[in-house]
Structures are given as structure tokens and as C-alpha cells.
Amino acid sequence: MRAREIYVPERINRQWLIAKRPEGRPTAETFRWAETHAPVPGEGQFLARNLWYSFDPTQSFLVGRADRPEAESGAIPIGEPMRGFSVSEVLESKHPGFRPGDIVHCHMGWEDYSVSDGQGFAPAYRVPDGVPPNWALGALGITGLAAYFGVCEVARPKPGETFVISGAAGGVGSIAVQMAKIRGLRVVGIAGGPAKCDWLLREAGADGAIDHKSQDVGRRLTELCPDGIDIFFDNDGGPTLDLALERLRGGGRVVLCGGTSRYAFAPPPPGPSNLLQLVMVNGRMEGLLARDYLPRLSDAADVMLPLLRSGRLKSKEDVLVGLRNAPAALARLYTGSNVGKQLLRMDDAPAG
Ligand SMILES: NC(=O)c1ccc[n+]([C@@H]2O[C@H](COP(=O)([O-])OP(=O)(O)OC[C@H]3O[C@@H](n4cnc5c(N)ncnc54)[C@H](OP(=O)(O)O)[C@@H]3O)[C@@H](O)[C@H]2O)c1
């Protein structure tokens, strides 16, 4: 008797490909929708279904820019899928480190199905049991690592000090503000718009909030920090750094986390004009790269997971649903529309 043929439905892979380099920030025309067949994993690779995506302003570097020399840009080649951090479910594996059913944090294409060797932009790792995908990409992902280690280690906080942060109501900022409060600091957050400032004051526990869209940031910093600033946590990389340096107290620290104002905007704002202030106050400025802290993720999770579960640390998220919305989710970062961590849940993925 002939063996019964089993019908395996073909996996259609919907994708967003890089269509062209934008002049400045990525737009809808930057990406092109495509449908193809799901890839097949080779030796040392696994096939995964992508469930959730994270969005980060540095993705503009992956998109590239029309005015940047192609060879030097490090951008994803035209015609290939756009990429981002994802939480994905392993379906098939020829990789010794991953099994079908594993839920992994990786850097994948904007598509239904991806293959990975677990290497690349950041190594893939299994999401610990009990950690929902939204937390794995936000408070307990690269975003949370930047906030946690930026505040708790690089800033060397001492209770009672004054902590000022730009991009305060975004992914990194929303966690950093709350961790700074938990570490006993006086916190002033700078964000764009009344809704974000309201969230900072009412939900995140900030002591002061400055709306950079409607207020004079320098004047408000002087009002809210009459004795100066001990720690400035910079997410913007723009002119706020000058204003903070002017007000830095003796032994003050500046944590350089990001530069959203520089990534996708042409021309970028001028660099800081008063770095010598660091000399006058024996100050220190230090950058951090969260990816390098991945081996210490469990240290951060040991502290943050109980805080998240108890509700003392709130995971503020801005979630769009459906792969079709991926370009829109990215665009929200550059218009400042996102409140909290910008995420996207795939159409049929489980909720967080
Ligand atoms: N060092 C690391 O390893 C690491 C890791 C993760 C993220 N980062 C960096 O941290 C920063 C925050 O990242 P995130 O993912 O949390 O993003 P986010 O703050 O959630 O989103 C970006 C925010 O930047 C602000 N913005 C937009 N356009 C701007 C402009 N032209 N000038 C100044 N601000 C602008 C907007 O907030 P407002 O309008 O409210 O200001 C917007 O909501 C980014 O620079 C990111 O690259 C660094």
C-alpha cells in the first residue's frame, strides 16, 4: 500500500524589504512589501516564527541614508528585509543551542519567518520562562539594560542627588526615570508634549517634568534644579547636553546613552559647545553600549523582575499590531509619537 501523503501547507513569508535610502528619517517609501516562501534552515541554523518586534531609533543606521556613501554606511542592502530585535519561536532547528518550541530574543528580519545562526548584531538567547515577550524586548531587553546599567552603574548614583534625563518618556527613559527614583534620586524628566510629562509626574514618580516642545528647557532646568545637576542621562544627543553641562555640579556625571536627534536628521544639530565645563566641575562623561551588558542580563533581571511583578516598576509600552504596521512603528520614534517602549505584536502572536 502506498504511504499516505501528508499535506504540509506552504509557509508564506510576508516581508518588509529595504526599497530605497531616505533623505533623512525613514518614511513609508523606504520599505517595500513582499511575499515569498519561508526560508529553510541550513546546518547550524534554526527557523523561527517572529512574534514581537522592538523599535529603536538606531535602526535608521540599518536603513541608511541617500546622502551617505553606500560602502561606508553599514546599512542593510537594498532588497533585503529590514531587521530589528525580535522575540521569536523556534520551529525547526539544526543548531545545537536551540530546540523547536524555544522562545528566543534575536535580531531578525521584518518578516513572518526567519532563519538565524544565533550570531550577528547580537547573539540570540532563550527568553527565561515567565518573562513575557513585551518585557523581554523592553524593560528586560536591550532597552532595559541601557536604563538599568546607565542609572545604577555608569551614573554612580547617590541618594538625594539630582538626576535629569532627556527622552524621559521613551523606552529607555521610562525605565531609567523609575530606576533613578528607586535608587533615591530626585528626578527631572525632559520629554515632548503634555501627555508624556503628565505620565512622568503621575505614573513614573518624577519630581519634575519639562515639555521641550512648549517650554524653555534652560529656564525650566534652572527652576527645577536650583542647586544644579548631579547626573545628566542623555538620550537625545542634542542641545540639551549644553544646557545640562552649564548646570553640572562638582563631580557631576553625564551618561551618554543615545543621540536620537543625530541619527536620522540632516543636518545633525551642532555638537556640544561647552565640554570644558567638565573640567571646571571635575565632571565625568561616559557612554554605555547595552549590548555589551548582555552577559549581565540576569543581574539586571534579578532586580527588575520582582519590581515589575510587584508593579513598583511599570513597563510603559506603545504596541502596534500586525506586520503591516512595522514602518509606521519605526516612524513613531522620529516624530516622538511613542509613549514608552515602541513595540509591535505580529497579527497572530500571543499578547504579552
Ligand atoms: N546605548 C545603548 O546601548 C542604547 C540602547 C538602547 C537605546 N539607546 C538609545 O537611547 C535613546 C532612546 O531610545 P529608545 O529606544 O528608548 O527610544 P524612545 O526614546 O522610545 O523614542 C525616541 C524618542 O526620541 C525623541 N525624539 C524624536 N526625534 C527627536 C529629535 N529630532 N531630537 C530629539 N529627540 C527626538 C522623541 O521623544 P520626545 O519628543 O519625548 O523627546 C521620541 O519619542 C536612543 O537614542 C537610542 O538609540 C541606546
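Numbering of ligands and ligand atoms starts at 1, following listing order.
With respect to the salt-bridge test (charged N to carboxylate O, under 4.0 angstrom), the residues Asp112 and Arg14 qualify.
The shortest N or O to N or O distance between Gly170 and ligand 1 is not under 3.5 Å. Residue-to-ligand polar distances keep Leu289 apart from ligand 1: every N/O pair is separated by 3.5 Å or more. Checking only distances, Lys196 does come within under 3.5 Å of ligand 1, N or O to N or O. Here's the thing with His212: one of its N/O atoms is less than 3.5 angstrom from an N/O atom of ligand 1. Looking at Arg332 next to ligand 1, no N or O pair under 3.5 Å apart turns up. The shortest N or O to N or O distance between Arg291 and ligand 1 is not under 3.5 Å. Taking any N or O of Ala290, backbone or side chain, at least one lies under 3.5 Å from an N or O belonging to ligand 1. Distances between N or O atoms of Asn235 and those of ligand 1 include at least one value under 3.5 Å. Considering backbone and side-chain N/O atoms, Ile142 never comes within less than 3.5 Å of an N/O atom of ligand 1. Considering backbone and side-chain atoms alike, Val172 places an N or O below 3.5 Å from some N or O of ligand 1.
Side-chain atoms of Thr36 and Asn13 form no donor-acceptor pair, as typed in the model, at a separation below 3.5 Å. With no hydrogens or angles considered, a side-chain donor-acceptor pair links Asp234 and Ser166 at under 3.5 Å. Between the side chains of Lys341 and Ser315, no donor-acceptor pair of N or O atoms lies under 3.5 Å. No side-chain donor-acceptor contact under 3.5 Å links Ser116 and Ser114.
Under a 4.5 Å side-chain heavy-atom cut-off, the cluster of Ile, Leu, Val, Met, Phe, Trp and Tyr residues that includes Tyr113 is completed by Leu47, Leu91, Val115.
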Expected list for residues 128-141: side-chain donor-acceptor pairs under 3.5 angstrom, two or more places apart:
residue, atom, partner, partner atom, Å
Asn134, ND2, Glu317, OE1, 3.1
Asn134, ND2, Glu317, OE2, 3.2

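The residue among Gly24, Ser337, Gly138, Cys257 with a heavy atom at the shortest distance from atom 8 (N) of ligand 1 is Cys257.
The protein heavy-atom contact nearest to atom 14 (P) of ligand 1 is Pro57 CD, 3.8 Å.
The shortest non-hydrogen separation linking Asn338 to Gly170 is ND2-CA, 4.3 Å.
Not a single heavy atom of Gly238 sits under 4.0 Å from any atom of ligand 1. Under the 4.0 angstrom criterion for non-hydrogen atoms, Gly259 is in contact with ligand 1.
Aromatic ring centroids of Phe61 and Tyr263 lie under 6.0 Å apart.
Stacking of Arg324 on the aromatic ring of Trp33 is recorded, both the 6.0 Å distance cut-off and the 45° axial limit being met.
Of all the heavy atoms of Tyr334, the ones lying under 4.0 Å from any atom of ligand 1 belong exclusively to the backbone.
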